[in-house]
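Everything below concerns the one structure shown next.
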Amino acid sequence: MKIERVTLRRIALPLVSPFRTSLGVEYERVALLVRVTTSDAEGWGECVAGADASYSSEYVEGAEDVLVRHLVPPLLAAGSLTAHTVAPLLAGVKGHRMAKAALEMAILDAELREHGLSFAAALGAVADSVPSGVSVGIMDSVPELLDAVEGYLERGYRRIKLKIEPGWDVAPVRAVRERFGDDLLLQVDANAAYTRADARHLARLDDFALLLIEQPLDEEDLLGHAALVRSLRTPVCLDESIVSARSAADAIALGACQIVNVKPGRVGGYLEARRIHDVCAAAGVPVWCGGMLETGLGRAGNLALAALPNFTLPGDVSASDRYYETDVTEPFVLRDGNLPVPTGPGLGVAPIPGVLDEVTKSVRELSNL
Ligand code: OSB
Ligand code: MG
């Protein structure tokens with residue numbers, strides 16, 4: 001396959017409600033969409049880098065810049081390539097995994113469309129729908145949180161994840177557990193808001209039978225997480241710390257986590273995400289699919305990934321209307337708490353042109369011509 005043109009499109013989609021985490025508040029999702037054109041097909045990718053560098057060092061303008069200067073040119077210059085040759089071709093550029101992931105995703109989409117194969121089939125999916133969880137932001141008050149959780153449970157979500165931070169942890173968790181009972185699948189995500197000195201405080205969450213606590217400490221603090229694994233009864237899950245199959249294997253060997261959150265964007269793409277799935281499966285470590293408030297494009301790929309066999313916990317892949325009034329693709333709709341795994345060629349979805357134009361902030365075309 002030969003890449004003829006790469007189009008970078010910056011979009012901004014308003015969120016249906018503000019999303020607050022220990023990192024800050026988001027009112028809209030900015031995203032960088034990548035369209036790759038070959039002689040026979042086109043493919044779409046979504047870069048999950050956010051408006052600021054609070055979740056990771058990557059951010060949307062930075063991702064666009066590195067794509068334009070360093071990532072797209074070698075691919076345009078390459079003769080024939082496949083999605084599997086993208087990472088080796090780009091290995092000379094350190095880091096920038098979210099930018100690389102978007103490009104690889106678009107090329108994989110084009111390649112699979114050309115072959116009439118779905119992401120699910122290519123990745124090794126074993127399910128045709130996946131249970132859907134929802135990530136619930138920090139609220140101004142506990143009653144407001146209980147109303148939000150109740151609304152999601154009425155819609156059928158199978159699992160609730162509460163964002164926590166110092167000052168918003170034990171009380172909201174207790175309130176949700178008391179109100180909705182012991183059967184509710186409940187977990188928390190700190191986005192690295194705590195330190196090793198908070199170990200005794202975090203142990204107070206052990207009373208609430210949580211599925212897991214996600215990324216309590218700094219992304220580089222693997223030994224701190226290993227100490228928490230030893231001192232908490234709540235299983236420790238890593239998100240930000242896991243940037244590759246190697247870092248997943250190392251975290252597991254160090255005893256730094258018992259569960260892994262897999263996000264294709266964070267780890268450099270769907271192919272590396274599948275390797276993480278495989279590494280974790282071999283080690284007996286369950287995984288689940290995280291989310292980055294993706295549009296329908298990223299959601300489609302994440303659903304395919306979440307259908308692999310070791311994705312045994314519900315993911316943060318929610319219906320389109322949990323995020324957006326109007327998604328850029330046909331919306332993903334919850335049915336009995338599940339979302340369907342797309343079956344069409346490639347991602348199985350594509351942006352709706354009119355909607356895309358409405359949310360587009362800028363477009364940049366790169367080609368050899
Ligand atoms: O830590 O999982 C996270 C969103 C943006 C950045 C980081 C995270 C999140 C979420 C949202 O929790 C999950 C979703 O897409 O529904
Ligand atoms: Mg997280």
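Being a predicted model, the structure only gives us computed values, none of them experimental. Remember, it's 1-based here, ligands and their atoms both numbered in the order they're listed.
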[X] neighbourhood, listing ligand 1 atoms whose heavy-atom distance to it stays under 4.0 Å:
X    : answer
S135 : 10 (C), 11 (C), 12 (O), 13 (C)
K263 : 1 (O), 2 (O), 3 (C), 7 (C), 8 (C)
E214 : 2 (O)
D239 : 1 (O), 2 (O), 3 (C)

Heteroatom distance test ([X], ligand 1): nitrogen or oxygen, under 3.5 angstrom:
X    : answer
E240 : no
K161 : yes
K163 : yes

Looking only at heavy atoms, is any part of D189 under 4.0 Å from ligand 1, and if so is it the side chain, the backbone, or both, or is it neither?
side chain

Under a plain distance cut-off of 3.5 Å, with no hydrogens placed, do E42 and W44 share a side-chain donor-acceptor pair?
yes

Does Q215 come within less than 4.0 Å of ligand 1, judged by its heavy atoms?
no

Strictly under 4.0 Å, does any heavy atom of R322 approach an atom of ligand 1?
no

What angle, in degrees and rounded to 10°, do you get at the Mg ion (ligand 2) when you join it to OE2 of E214 and to OD2 of D239?
90°

How are the rings of H277 and F311 set relative to one another: parallel (under 30°), tilted (30 to 60°) or perpendicular (over 60°)?
parallel

Taking the side chain as every heavy atom from C-beta outward, state whether [X] and [Y] have any atom pair closer than 4.5 Å.
X    : Y    : value
K263 : V48  : no
P342 : F332 : yes
R29  : T295 : no

What's the shortest distance from [atom] to any protein heavy atom, and which residue and atom give it?
atom                    : result
atom 13 (C) of ligand 1 : G291 O, 3.5 Å
atom 6 (C) of ligand 1  : M292 SD, 3.5 Å
atom 14 (C) of ligand 1 : Y323 OH, 3.4 Å
atom 1 (O) of ligand 1  : N191 ND2, 2.7 Å

Run the salt-bridge test on [X] and [Y] with the 4.0 Å N-O cut-off and return the result as yes or no.
X    : Y    : answer
E150 : R179 : yes
R35  : D109 : no
R159 : D316 : yes
R266 : D239 : yes

Test your reading of the model: is there a side-chain donor-acceptor pair from R97 to the backbone of G269, 3.5 Å cut-off?
no

Output the distance between atom CG (L186) and atom CG (L212), rounded to the nearest 0.5 Å.
9.5 Å

Among L23, V136, L293, closest by heavy atom to atom 15 (O) of ligand 1 is L293

Please give the atom name: the N, O or S atom of D189 nearest to the Mg ion (ligand 2).
OD2

